[in-house]
Amino acid sequence: MSKLNLARIGFLLKSRRIELNLSIRELSVKSGVAAGTISQIETGKTSPNLVSVYSLCECLNFPISALFIQDDSDRVKLVRKNERTSFVRNTSNQETILESLITKGDSRMWGGIIDMPAGTDSGDYYYHGGEEFVFVMEGSITFYLEQVGSYVLEVGDTLYYPNEIGHRWENHTKEPAKFLIVSTSEFRQEIGELANKTLD
């Protein structure tokens, strides 16, 4: 068990035990790990063996992988406002609908901010895997979920939906609208390809 931070392991396991309202003695009985050993693990005074850690995690319903320290420096991705990659999502009523990516690199989700001029729409229904979440930042937009219904979203409103449901959106108003969209979909790969195209 390399690359372990003993203090971090102890903190995480102790926090989970307290969350479950278990005493060290109760956890010892359930896990088969000696109470003294649990106490030393929680205070970071001993390097636990794999069997003990596995038993404790099983009893605490805690993922053992979460105890391993990883090099998080390349997993954290900061995107400054002036560093966003923008591309034309589509054109509607001779107006450009612009999307600016707010995430970068290979990740399990992508996020974008979509600017919709007045009287524009996203085109036909989209169908893809994963889940999607939207948050209206400015103006008002209407989301259509195929065979489910339509939703008029105002500033501060949010909407979640599985992406296999056909979805599209429109700005019926005379004012521009802006919303945040975050998705776990493989569709992000297509978005990335669009983003790589140079805008005129």
Side-chain angles (χ1 to χ4, degrees), residues 12 19 61-63 65-66 68-200:
L12 292 173
E19 181 183 345
N61 192 25
F62 190 87
S65 60
F68 287 85
I69 292 180
Q70 302 179 26
D71 181 6
D72 288 331
S73 60
D74 61 350
R75 300 174 62 204
V76 176
K77 299 177 175 66
L78 171 65
V79 180
R80 299 291 186 186
K81 181 178 180 180
N82 61 351
E83 297 173 341
R84 295 173 184 169
T85 300
S86 299
F87 62 95
V88 176
R89 174 174 268 270
N90 69 294
T91 302
S92 174
N93 287 338
Q94 299 181 334
E95 293 280 358
T96 296
I97 297 177
L98 188 69
E99 179 162 353
S100 301
L101 296 183
I102 55 173
T103 54
K104 65 180 178 180
D106 185 22
S107 59
R108 295 182 180 179
M109 64 177 65
W110 64 266
I113 293 178
I114 299 179
D115 288 279
M116 297 195 67
T120 61
D121 64 76
S122 63
D124 294 334
Y125 283 109
Y126 292 102
Y127 304 89
H128 45 99
E131 303 170 319
E132 208 152 83
F133 170 87
V134 299
F135 172 79
V136 179
M137 303 168 64
E138 297 176 11
S140 173
I141 55 174
T142 302
F143 258 78
Y144 298 91
L145 299 184
E146 193 173 29
Q147 297 184 347
V148 176
S150 61
Y151 304 84
V152 177
L153 305 180
E154 308 288 347
V155 173
D157 290 344
T158 64
L159 181 66
Y160 158 87
Y161 47 88
N163 283 331
E164 62 265 20
I165 298 175
H167 49 284
R168 58 184 300 274
W169 51 87
E170 297 184 5
N171 178 0
H172 290 294
T173 74
K174 296 181 179 179
E175 300 294 331
K178 177 183 292 187
F179 66 93
L180 166 71
I181 185 167
V182 178
S183 179
T184 63
S185 173
E186 291 301 321
F187 183 64
R188 66 183 181 275
Q189 296 177 354
E190 299 176 31
I191 293 298
E193 292 174 3
L194 286 172
N196 289 330
K197 295 181 179 180
T198 304
L199 296 180
D200 294 332

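Values in this document were obtained by computation on a predicted structure and should not be read as measured data. Quick note: numbers below take in every heavy atom, side chains included, and nothing from hydrogens, waters or symmetry partners.
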More than 12 non-hydrogen atoms from neighbouring residues, nucleotides or ligands closer than 6.0 Å to CD on E164, yes or no? yes

Spell out, as yes or no, whether a donor-acceptor pair under 3.5 Å connects the side chain of [X] to the backbone of [Y].
X: H172; Y: E170; result: no
X: T184; Y: E131; result: yes
X: N93; Y: T120; result: no
X: R168; Y: D124; result: no

[X] versus [Y], closest heavy-atom pair with distance:
X: G166; Y: Y125; result: C-CD2, 3.4 Å
X: N163; Y: S183; result: ND2-OG, 3.3 Å
X: G123; Y: D121; result: N-OD1, 2.8 Å
X: M137; Y: V155; result: O-CG1, 3.7 Å
X: N171; Y: E175; result: ND2-O, 2.8 Å
X: I141; Y: A177; result: CG2-CB, 3.6 Å

Just verifying a value: how many Å separate Y151 OH and Y144 OH, rounded to the nearest 0.5 Å? 12.5 Å

If you round to the nearest 0.5 Å, how far is NZ of K178 from CE of M116? 13.5 Å

Kindly write out the residues that satisfy side-chain hydrogen bond (donor to acceptor under 3.5 Å, both in side chains) with E19, not counting sequence neighbours, or none if the list is empty. R16

Would you say the ring centers of W169 and Y126 fall short of 6.0 Å from each other? yes

Is any side-chain heavy atom of I97 closer than 4.5 Å to a side-chain heavy atom of S92? yes

Less than 4.5 Å apart, any side-chain heavy atom of W110 and any of I181? yes

Going through the distances and angles, do L153 and F179 end up as a side-chain contact (heavy atoms from CB on, under 4.5 Å)? CA-CA 10 Å; L153 305 180; F179 66 93; over 6 Å; no

Worked check of side-chain contact (heavy atoms from CB on, under 4.5 Å) between V152 and E154: CA-CA 7 Å; V152 177; E154 308 288 347; 3.6 Å; yes

